Amino acid sequence: MSSLLVRGGRSLSGEVEISGAKNAVLPILAGTVLSAGENTIHSVPKLRDVEVMKEVLRTLGAEVKESEDALTISSNLVDSCEIPEYLMKKMRATVFLMGPLLGRFNKVSISQPGGCSIGPRPIDLHLKGLRALGVEFTQKEDCLEGKTDKLVGADIHLDFPSVGATENIMMAAVKAEGKSVIRNAAKEPEIIDLQNFLNGMGAQVRGAGTDIIKIKGVEKLNSIDYTVIPDRIETGTFMVAAAITNGEILLNNVIPEHVDSVIAKLLETGVEVEYNQDQIKVIGTPEIESIDIKTLPYPGFPTDMQPQFMALLSIAQGNSVITESIFENRFKHADELRRMGADIRVESRSAIIQGIDKLSAATVEASDLRAGAALVLAGLVAEGETEVKNIYHIDRGYENLEEKITNLGGQITRLAD
Ligand code: EPZ
């Protein structure tokens, strides 16, 4: 397993270009299966998870051609609806293929997606919605098979505004006969991006971004040329990088309203944030104020920014409390930050952080994508050289992280295994 060596002590300053959104491009790439044509998706970030999604599409029979930052998928060649277990295990987001494969073939076969380090990650809400559209699921020895004679529109209420369940149900309902409604739907910007992508193919979806999404099924979906939105979590991560190193970073290719809650929380810590319609400037401050955070579904504070803020608040003045209300087990990075000297106590869903003056370098392990990013941020401000191990997690969701940090004056190098 390769690792990153991060030397602390430098304030980051300069400009960074934010890449396309991982959590928008994955469902959209899955959604290309719905059209029997050639689709080109632009602003595709070079990530491990995108590599896995390309492998999945090729396994299903699609041809996937790459150019600079675009992928062209010939979905007309898709002739299988089975996702092999080894690919399911590589990436949980393969679960996003359920809706499109049911929408294209009226059947799908996947192995149960495993949990991961942040929680069991059930798919009961995905299955509830798809069953409401007429899909029957049977559990075979090592896979879950879903099939239907015909998808029929339904009125579906989600017990929890699950992002993945909302997306899967949308991608099946666009081909269902008649009308569907998804109530208590997730409102993340990636849902709006998916709606725009599907409507660009000729679907009839309304209401994404609100908690009620209405869909009128159509017979056929055409090909599309589509550009995904910038990554709001990469945006937030570099905003924290400016704050934690007391630097000054101008972020380009961003959508400020997608990080409203992150801006609000950074302002509470005393950091300066200025923005226009596609740029954000963050100016650090020598003393970070302690704050309290509770993660919530969008537009609340994003769970995917919780680890990065824990690193920042580790060196704040005073006591902060972070409450994680989305995932059952998303505090593993607290153990690793403690190895760097942080004073953090975890009690059930809350982490109590007593700010200290300085973190110290240590050898730490990334347990998931955002925890890895948080440890890199901590390494940028710790005294000495921190080694962050298991950085394949980071490679899943951050494009050219070392290069971007180096261009901002940070000292970070990759240690191959
Ligand atoms: C998406 O995961 C994101 N991943 C996650 O980002 C993000 O943390 C999460 O949404 C919440 O914003 C992608 O978009 C690829 P959920 P998803 O379904 O869809 C429970 C990252 O770092 N739940 O909204 O899996 C679930 O256990 C990743 O980029 C059920 O109980 O999230 C969790 O507690 C991490 N039953 C909560 O809902 C279900 O059927 C939120 O899950 C589905 C979910």
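Each ligand, and each atom within it, is numbered from 1 in the order the structure gives. In this text the structure is predicted, and so the values were computed from the model without any measurement.
- For the side-chain hydrogen bond (donor to acceptor under 3.5 Å, both in side chains) condition, the pairs that include at least one residue of residues 152-163, sequence neighbours left out, are Lys128-Asp159, Asp155-Arg183.
- A 4.5 Å side-chain heavy-atom check between Phe301 and Leu296 finds every atom pair outside the cut-off.
- Taking a heavy-atom cut-off of under 4.0 Å, ligand 1 is surrounded by Lys22, Asn23, Arg92, Phe96, Ile118, Arg121, Pro122, Ile123, Asp124, Leu125, His126, Phe160, Ser162, Val163, Gly164, Thr303, Asp304, Ile326, Phe327, Glu328, Arg330, Leu369, Arg370.
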Quick one: side chains of residues 204-214, donor-acceptor pairs under 3.5 Å with protein atoms, not counting sequence neighbours, listed by atom name and distance.
| residue | atom | partner | partner atom | Å |
| --- | --- | --- | --- | --- |
| Thr210 | OG1 | Gly207 | O | 2.6 |
| Thr210 | OG1 | Ile212 | N | 3.1 |
| Thr210 | OG1 | Ile212 | O | 2.9 |

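- Contact annotation: the side chain of Tyr398 never approaches that of Val376 to less than 4.5 Å [non-hydrogen atoms, C-beta and beyond].
- Partners of Asp149 under the salt bridge (Lys or Arg N to Asp or Glu O under 4.0 Å) rule, at least two apart in sequence or in another chain, do not exist in this structure.
- You'll find the side chain of Lys265 reaches within 4.5 Å of the side chain of Ile291, heavy atoms only.
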